[in-house]
Amino acid sequence: MQGTELQQEAERQITICNACRYCEGICAVFPALQMQRSFAAGDINYLANLCHNCGACYHDCQFSPPHEFAVNLPKTLAEVRNDSYAQYAWPQALAPLFARNGLKIAVLTALSVTAFFIGLIVLNAPGELFRAHLAPEGFYALMPHNTMAALFGAVFLFSLVAMGMGLRAFWADANAVNTVASSSPSIWQAIRDAGSLRYLDGGGAGCFNEDDQPRDNRRLYHHLTFYGFLLCFAATSVGTIYHYGFGRIAPYPWWDLPQMLGTVGGIGLAIGTGGLLAARRKRLPDLVDQRATGMDVAFILMLFLTAVTGLALHILGGTAAMGVLLAIHLGVVFSLFLTMPYGKFVHGFYRFAALCRHAMSRRHGLNPAPPDRPVPAAARISGG
Amino acid sequence: MSRMNGQAVPATAVDTSCDVLVAGGGNAALCAAITARRKGASVIVVEGATKFYRGGNTRHTRNLRCAHDEGNEILTGPYSEEEFWDDLMRVTGGQTDEELARFTIAESKELWDWMTDTGVRFQQPLGGTLNLGRTNAFFLGGGRAMLNALYAEAERIGVDIRYESPVTELEIDNGFFTSATVGGPAGPYRIDARALVTATGGFEANIEWLKEYWGDKADNFLIRGTENNRGSILRLLLDKGVEPVGDPTQCHAVAIDARSPKFDGGIVTRLDCVVFGIVMNNACKRFYDEGEDIWPKRYAIWGRLVADQPDQIAYIVFDHKAMGMFMPSVYPAIEAPSLRELAGKLDLDPEAFERTVTDYNAAVREGTFNSQELDDCHTEGLSPPKSHWARRIDTAPYYAYPVRPGITFTYLGTRVNREAKILMQGGRPSANIYAAGEIMAGNVLGKGYLAGIGMTIGAVFGRVAGKEAARHAGN
């Protein structure tokens, strides 16, 4: 299912959830949908990005398939969510990148960039590629720091702008019909909810992955991935500050901040992404967007490769393998940055925005959306 | 690896034996199985349904009523045994076995801890149910989530669970059970057991049986819960001389959306909008005071009222002013820009339809509309009257929901004693047959309904049956 048909199917299921409400305590999606009676496309995209795909409601639902009501919210919202990434992509001309073969694109990019770097090094410093670089300036003999910083900075900046534009489109769409009755953002609540993955625990029972038992470890792996990524990012940032602010040139000793942050972050990122990849492979097919384009696998794989090649560079930085490893690592990171706005990476931004909107609407309520009016409490009391 | 929504592989058709055989797979059955297993008995559970539909009407439940001396993180305040008893007396009008009822209420105090220890999780009362927040504990994720926890615990401690395994015959000699025949894809085969716990629900899904009391009207009934509650075990027991309890002609019936599936439509098919409009039959005649009392006190009479109308169908009609004032339901209201067009969409006589609405509108004396109390908006000179919340139906678009009787459960069951042992005709207890859940709920709930009490009775008597059956098997 695609487009309008998919939106209608999501609305059909959400209407059933709104009439049932048994899952109200599981996560944010159900209290959020219960605040409305009708659902525009932007509302459904908002709910889809609020869903963490813990799978609990699927196993708890008395109406999931083979019941004729066929409610499978995690799967349907996963499909809507994946479509919403392309819908909000900027520039729109690049939206088709989401749709097909995310894995191939990422791997291809990484390979070509690796080749590109090797070529550059060979041209810049013939014969240097396989020689050990033990001197402090060895690193940059292969790839001048300013070239590297400019290249990566430009790509990173472009990605940031692209993702910012996507976020703006998402926010406008989420508030197109139903608006929050206050414009004061609930950033801190959203940071806490996102930072703790509050809604990736099935309401307390735990998440589901390969079967009907709530013993999923994706929350742990995601924490390792996310915080590992942040540490790696911090390592790069500190290194850049060292370089330009204090004239301290890499490589740094093992105990220095960039090394410590990068090592710990890299290990976390490697274990976390490895765990997520394994969980992804075992995942109950019923819960997965079967039109899968490899986008999420591509993203996790790119992060995994970033961590592994980064760690390898740490360990083998003083050997003859350094040149090739550096080229591969930079190629992977370059590809990660480049594909960021057109892959699974954006889920974090939309999820965060959705959590923020949810916290705002919980605190301030929604403006009444004509023609429906708010429901008086007593009238909602049902029997039995 | 067990896959929740998939089909479980049926047990092989080999005759076998165990200490305690539990027939059924819902709340009462699992409480019995887990308790008996924890007491050391070997236990087989035979559930007639597939794995997805396991647990019958427990799948559609959402809370458990339990007495407690103090509130906790979920329950908003104390609920004494005496208050519970008063509530039960109010709904049953005294049609209860006082000894068993008081026993149930006393035992209900242990259910929170027992359920929590067994892995069941509770949540804050659901939107629109704040009136039950003090007395009822809501299952996180609803009844199926609660069942999943019970099944996980049963499997963990070694209960042998067999799906698609309906019991087709019982060997009972003078009140003594020796073996059961199991049908289904793997059957027939025999299970010998030292004790039998029957927890197989009522017979509300057995239309032929309902027709014995309701005639052809029952053809138009919708069954809110499982298709599997056909009462086959209840019939076997009654035929073998077990003493019945409860009025066989009675069932809990509410008005639900006529477009609902024949079986298993569950909670989402309910309609809470009667008080906001008028209700007419297919001759466009009103037949009962829609505003008699607040909805939670009256919703359970509308199934019977609709059952008495021609073709067992009626239409709730309201206008734009009422839209959005009640809980949403699964199907959209039928909508039209004029009353005559609405009648056309409902296949009703437009003139009669319009006249009924016009007569009603003319009789309305609007005061200060207040959906939260018995307000002063009423009709004058209209029969039947609408006593409260009467407002003119005059603002387009106009809406209607078609409704039919939706049967929740039946009252007929097996009489039991405090040990959950079924009684044979004449009052003598069976040696080794126990009953728990809807099959014996009529002992306590002879009439009416109290939210969450079905689960209370099931859990209390399930635990008692499991304990007593294990004790008997151990002797």
Side-chain angles (χ1 to χ4, degrees), chain A residues 12 14-26 30-31 33-38 55-69 71-72 202-206 208 210-215 282 284-286 368 371-384, chain B residues 1-5 50 52-53 59-60 62 119 121-124 126-131 138-145 148-149 152 252 254 261 264-270 272 275-276 294-300 320 323-330 332 371-373 408 449 451-452:
Chain A
R12 182 190 73 82
I14 287 168
T15 302
I16 293 173
C17 296
N18 206 1
C20 172
R21 308 195 164 191
Y22 285 16
C23 289
E24 192 172 288
I26 287 181
F30 299 96
L33 71 87
Q34 287 170 207
M35 298 179 84
Q36 299 177 207
R37 287 302 179 95
S38 58
C57 65
Y58 172 74
H59 293 289
D60 292 351
C61 182
Q62 66 272 38
F63 302 122
S64 56
H67 192 283
E68 65 181 280
F69 287 163
V71 175
N72 183 346
F208 297 80
E210 67 264 35
D211 59 15
D212 57 6
Q213 299 301 315
R215 54 188 166 207
K282 286 187 292 185
L284 190 64
D286 298 7
D372 290 333
R373 279 163 300 170
V375 185
R380 306 166 77 199
I381 293 173
S382 63
Chain B
M1 185 167 65
S2 61
R3 296 221 148 166
M4 177 68 72
N5 283 17
T50 60
F52 173 76
Y53 281 107
R59 300 171 75 253
H60 291 291
R62 56 181 179 180
R121 287 171 180 268
F122 295 103
Q123 65 180 335
Q124 307 289 334
L126 305 181
T129 58
L130 293 178
N131 55 326
F138 282 76
F139 309 125
L140 176 67
R144 188 170 169 223
N148 291 347
H252 183 269
V254 304
D264 221 48
I267 189 91
V268 298
T269 61
R270 79 189 174 314
D272 295 336
V275 294
F276 298 111
I294 61 163
W295 186 239
K297 289 190 182 174
R298 282 293 172 272
Y299 80 100
H320 178 70
M323 198 43 158
M325 301 198 79
F326 46 89
M327 284 282 285
S329 62
V330 60
S371 65
Q372 312 198 26
E373 56 179 42
T408 320
Y449 186 63

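In what follows, chains carry the letters A, B, and so on, assigned in the order in which the sequence lines appear, proteins first and then strands, with residues in each chain numbered from 1.
Here the straight-line distance linking atom CD1 of Ile16(A) with atom OG1 of Thr269(B) works out to 11.0 Å at 0.5 Å rounding. For the atom pair Arg144(B) CZ and Gln62(A) CD, the distance stands at 8.5 Å (nearest 0.5 Å).
Remark: the backbone N or O of Asp264(B) is paired with a side-chain donor or acceptor of His67(A) at under 3.5 angstrom. In this structure a side-chain-to-backbone donor-acceptor pair under 3.5 Å is missing from Gln123(B) to Cys23(A). In this structure, the side chain of Tyr22(A) does not engage the main chain of Phe139(B) through any donor-acceptor pair within 3.5 Å.
For the pair Arg21(A) and Pro328(B), the minimum side-chain heavy-atom distance is below 4.5 Å. Here the side chains of Phe63(A) and Arg59(B) are not in contact, with every heavy-atom distance at 4.5 Å or above. Side-chain contact between Thr15(A) and Val330(B): absent, with no pair of heavy atoms (C-beta onward) separated by less than 4.5 Å.
Minimum heavy-atom separation, Glu68(A) to Pro261(B): OE2-CB, 3.0 Å. Across all their heavy atoms, Asn148(B) and Asp60(A) have their closest contact at ND2-OD1, 4.0 Å. Across every non-hydrogen atom of Gly265(B) and Phe69(A), the tightest pair is O-CE1, 3.6 Å.
Per-residue counts of heavy-atom pairs under 4.5 Å with chain B were compared for Ala19(A), Gly202(A), Gly204(A); the largest is that of Ala19(A). The candidate with the highest count of non-hydrogen atom pairs below 4.5 Å against chain A, out of Ala145(B), Gly141(B), Gly142(B), is Gly141(B). Ranked by non-hydrogen atom pairs under 4.5 Å with chain B, the options Pro214(A), Gly203(A), Cys17(A), Cys61(A) are led by Cys61(A).
Looking at Ala56(A), neither its backbone nor its side chain comes within 4.5 Å of chain B, counting heavy atoms on both sides. For Cys57(A), no part lies under 4.5 angstrom from a heavy atom of chain B.
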